[in-house]
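So the structure is just underneath, and the comments pick up after that.
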Amino acid sequence: MTNTIGYGYDDDGEHRIDLALRIDSGTLTVEVADDGRAFDPLQTPELDMSAPMEERARGGLGIYLVRKTMDAVAYRREDGRNVVTLTKSTMPDEAS
């Protein structure tokens with residue numbers, strides 16, 4: 001949401017960001033919808049975390065962390081809005 005606020009708008013007007021959370025059958029689903037400019041976070045290249053910090057391009061760490069911590073990430077553009085859906089199992093890992 002911070003990136004949406006900081007980078008998603010070309011004006012100082014009023015905008016809307018909707019956040020919905022639900023847990024169903026042991027799966028947390030988070031949906032974030034905003035009216036910012038179209039941006040598909042899944043199209044950003046994956047960060048090379050093996051490169052030294054000073055050689056890495058600026059930005060992309062938030063998307064990297066989301067990709068690494070969520071079980072699934074989906075994006076769609078619907079009715080002029082970005083909609084990102086994140087899912088994560090809340091059940092203990094049986095293999096542990």
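No experiment lies behind these values; they were computed from the predicted model shown.
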By side chain to side chain donor-acceptor pair (under 3.5 Å) - contacts of Tyr64 (at least two apart):
none
Not counting sequence neighbours, which residues clear side-chain contact (heavy atoms from CB on, under 4.5 Å) with Glu78? List them please.
Arg76, Val83
Taking salt bridge (Lys or Arg N to Asp or Glu O under 4.0 Å) as the cut-off, I'd like each qualifying pair that reaches into residues 34-45, sequence neighbours left out, listed once.
Asp10-Arg37
Would you mind listing the cluster partners of Tyr7? Hydrophobic ones only (ILVMFWY), side-chain contacts under 4.5 Å, chaining allowed.
none
Exam field: side chain Thr87 to backbone Asp71, donor-acceptor pair closer than 3.5 Å
no
Tell me whether Arg77 contacts the main-chain N or O of Gly80 through its side chain, where contact means a donor paired with an acceptor under 3.5 Å.
yes
Residues that Ile5 engages under side-chain contact (heavy atoms from CB on, under 4.5 Å), provided they are two or more places apart:
Ile17
Evaluate whether atom CG of Asp11 has more than 12 neighbouring non-hydrogen atoms of other residues, nucleotides or ligands under 6.0 angstrom away.
yes
Could you list all the ring-ring contact (aromatic ring centres under 6.0 Å, His included) pairs where at least one residue sits in residues 12-56, not counting sequence neighbours?
Tyr9-His15
Can you name the side chain to side chain donor-acceptor pair (under 3.5 Å) partners of Asp18, sequence neighbours left out?
Arg16, Arg81
Any residue meeting side-chain contact (heavy atoms from CB on, under 4.5 Å) with Pro52, in chain and number order, not counting sequence neighbours:
Glu54, Glu55
Straight-line distance of Thr4 OG1 to Asn82 CG, nearest 0.5 Å:
7.0 Å
Suppose we screen for salt bridge (Lys or Arg N to Asp or Glu O under 4.0 Å). Which residues come up paired with Glu46, at least two apart in sequence or across chains?
Lys68
For the residue pair Lys88 and Ile23, establish whether any side-chain heavy-atom pair is separated by less than 4.5 Å.
no
Working note: Val73 + Thr85, criterion side chain to side chain contact (heavy atoms under 4.5 Å, CB included); need CA distance, chi angles, decisive distance, verdict.
CA-CA 6 Å; Val73 180; Thr85 304; over 6 Å; no
Across all chains, not counting sequence neighbours, the salt bridge (Lys or Arg N to Asp or Glu O under 4.0 Å) partners of Asp79 are none
Going by salt bridge (Lys or Arg N to Asp or Glu O under 4.0 Å), name the residues that satisfy it together with Arg22, two or more places apart in sequence or in a different chain.
none
Residue set satisfying side-chain contact (heavy atoms from CB on, under 4.5 Å) with Val30, at least two apart, ordered chain then number -> Leu19, Leu21, Leu28, Val32, Leu86
Considering only heavy atoms from C-beta outward, does the side chain of Pro41 approach that of Val66 to under 4.5 Å?
no
